[in-house]
Number of protein chains: 2
Amino acid sequence: MSKQAAVDVSCCPALTERRVPAETAAALAPAFKALGDPVRLQLMSMIASAEGGEICVCDLTPAFDLTGPTISHHLRTLREAGLVDADRRGTWVYYRARPTILRQLAALLTVTPPSAT
Amino acid sequence: MSKQAAVDVSCCPALTERRVPAETAAALAPAFKALGDPVRLQLMSMIASAEGGEICVCDLTPAFDLTGPTISHHLRTLREAGLVDADRRGTWVYYRARPTILRQLAALLTVTPPSAT
DNA sequence: ATGCTGTCTCGACGTCTGTCGAATCAGACA
DNA sequence: TGTCTGATTCGACAGACGTCGAGACAGCAT
């Protein structure tokens with residue numbers, strides 16, 4: 001169901017540690033971009049914090065003053081950025097977060113105390 | 001010199017912990033958006049990892065196959081997202097990272113192990 | 001099969017974004 | 001003062017983005 005971005009960057013010294021190589025930047029930037037919209041950031045949070053690790057589109061849509069197609073579009077963006085997985089079960093579609101990439105992004109942003117080694 | 005975004009969100013339970021409120025999403029999304037371009041992600045990294053905590057535009061520009069105005073535009077975007085500070089010293093302009101907001105972003109993305117409390 | 005409900009795709013629209021060249025501003029220095 | 005260099009702003013352009021309504025598809029229940 002999902003054309004996923006190939007984000008498996010070897011892994012993640014922090015931004016502040018050394019200069020991020022162009023390939024890493026190219027691989028990770030789309031994920032940040034996907035989070036760069038308030039609606040998607042909230043969607044991501046609702047998905048990632050959902051009870052049982054997943055949440056139905058039918059619970060996401062009514063939380064916004066936006067049409068179904070628009071929410072669907074944002075969910076697709078999150079999917080294509082590799083941030084979430086979708087899974088149809090009967091009538092409903094459930095979304096779950098992909099923790100690995102979230103950890104990569106968090107690691108990249110980690111600020112090492114200036115008074116470190 | 002810099003019209004800075006007012007990003008001082010009280011602070012940061014992780015995305016995965018509870019649903020991010022709309023105001024927090026609205027405040028932080030621009031920072032993610034700013035990082036959502038490969039060039040800006042590299043610029044941010046070069047700035048944040050610079051020796052002495054700052055770096056001259058004259059050291060940033062030649063690292064890319066882009067014109068000066070384009071780099072300047074990306075730096076302005078980072079500035080307006082509150083991610084960096086600029087500081088002119090004589091002929092040259094130096095950029096430095098703002099660690100507080102980086103920490104907020106990292107905290108937001110922190111994945112709490114599912115087997116937690 | 002028919003219909004109903006939830007979700008997605010398609011096509012369109014106005015806006016925003018990344019890039020450039022040309023022009024401008026800020027300091028240093030002769 | 002005038003001129004040179006570094007950095008920014010301005011104006012323009014093609015392409016991407018967020019949103020919507022209309023339509024299509026998937027699965028359940030008559």
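We name chains A, B, ... by the order of the sequence lines, and we start the count at 1 in each one. These figures come from a predicted structure and were not determined experimentally.
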Side-chain heavy atoms nearer than 4.5 Å, only ILVMFWY residues, links allowed to pass through others: does that put A:V111 and B:L108 together?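 Same cluster: A:V111 reaches B:L108 through Ile, Leu, Val, Met, Phe, Trp or Tyr contacts under 4.5 Å.
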With a cut-off of less than 4.0 Å, is there a side-chain N or O of [X] near OP1 or OP2 of [N]?
X: B:R40; N: C:dG18; result: yes
X: B:K33; N: C:dT17; result: yes
X: A:R76; N: C:dT9; result: yes
X: A:T91; N: C:dG6; result: no
X: B:Y95; N: D:dA7; result: no
X: A:H74; N: D:dC17; result: no
X: A:T67; N: D:dC20; result: yes

Taking every non-hydrogen atom, the tightest pair across B:D59 and B:M46: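 Reported closest heavy-atom pair: O-CE, 4.0 Å.
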What I'd like to find out is whether the side chain of A:R98 reaches to under 4.5 Å of the side chain of A:L102, using heavy atoms alone.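 Not in contact.
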Under a 4.5 Å cut-off applied to non-hydrogen side-chain atoms, are B:L35 and A:L35 in contact?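 No, every pair of side-chain atoms sits at 4.5 Å or beyond.
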Rounded to whole angstrom units, what separation is found between the [atom1] atom of [X] and the [atom2] atom of [N]?
X: B:L43; N: C:dG18; atom1: CG; atom2: C1'; result: 13 Å
X: A:D65; N: D:dC20; atom1: CG; atom2: C1'; result: 14 Å
X: A:R88; N: D:dC25; atom1: CZ; atom2: C1'; result: 8 Å
X: B:L78; N: C:dG18; atom1: CG; atom2: P; result: 10 Å
X: A:L75; N: C:dT9; atom1: CG; atom2: P; result: 11 Å
X: A:H73; N: D:dA16; atom1: NE2; atom2: P; result: 13 Å
X: B:L66; N: C:dG21; atom1: CG; atom2: P; result: 11 Å
X: B:W92; N: C:dA26; atom1: CH2; atom2: C1'; result: 13 Å

Under 4.0 angstrom, heavy atoms only, what part of the nucleic acid is A:G68 near: base, sugar-phosphate, or nothing?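 No contact at all - A:G68 keeps every heavy atom at 4.0 Å or more from the nucleic acid.
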Applying a 4.0 Å non-hydrogen cut-off, can you work out what A:I71 is touching in the nucleic acid: base, sugar-phosphate, or nothing?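 No contact at all - A:I71 keeps every heavy atom at 4.0 Å or more from the nucleic acid.
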Residue A:C58, side-chain atoms from C-beta onward, closest of D:dG21, D:dA7, C:dG6: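 Between D:dG21, D:dA7, C:dG6, the one nearest the side chain of A:C58 would be C:dG6.
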Tell me whether B:S49 contacts the main-chain N or O of B:S45 through its side chain, where contact means a donor paired with an acceptor under 3.5 Å.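 It does hold such a pair.
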Assign each of B:S72 and A:P69 to its nearest nucleotide of DNA chain D by heavy atoms, then name whichever residue's nucleotide is nearer the 5' end.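 Checking each residue's closest nucleotide, the 5'-ward one belongs to B:S72.
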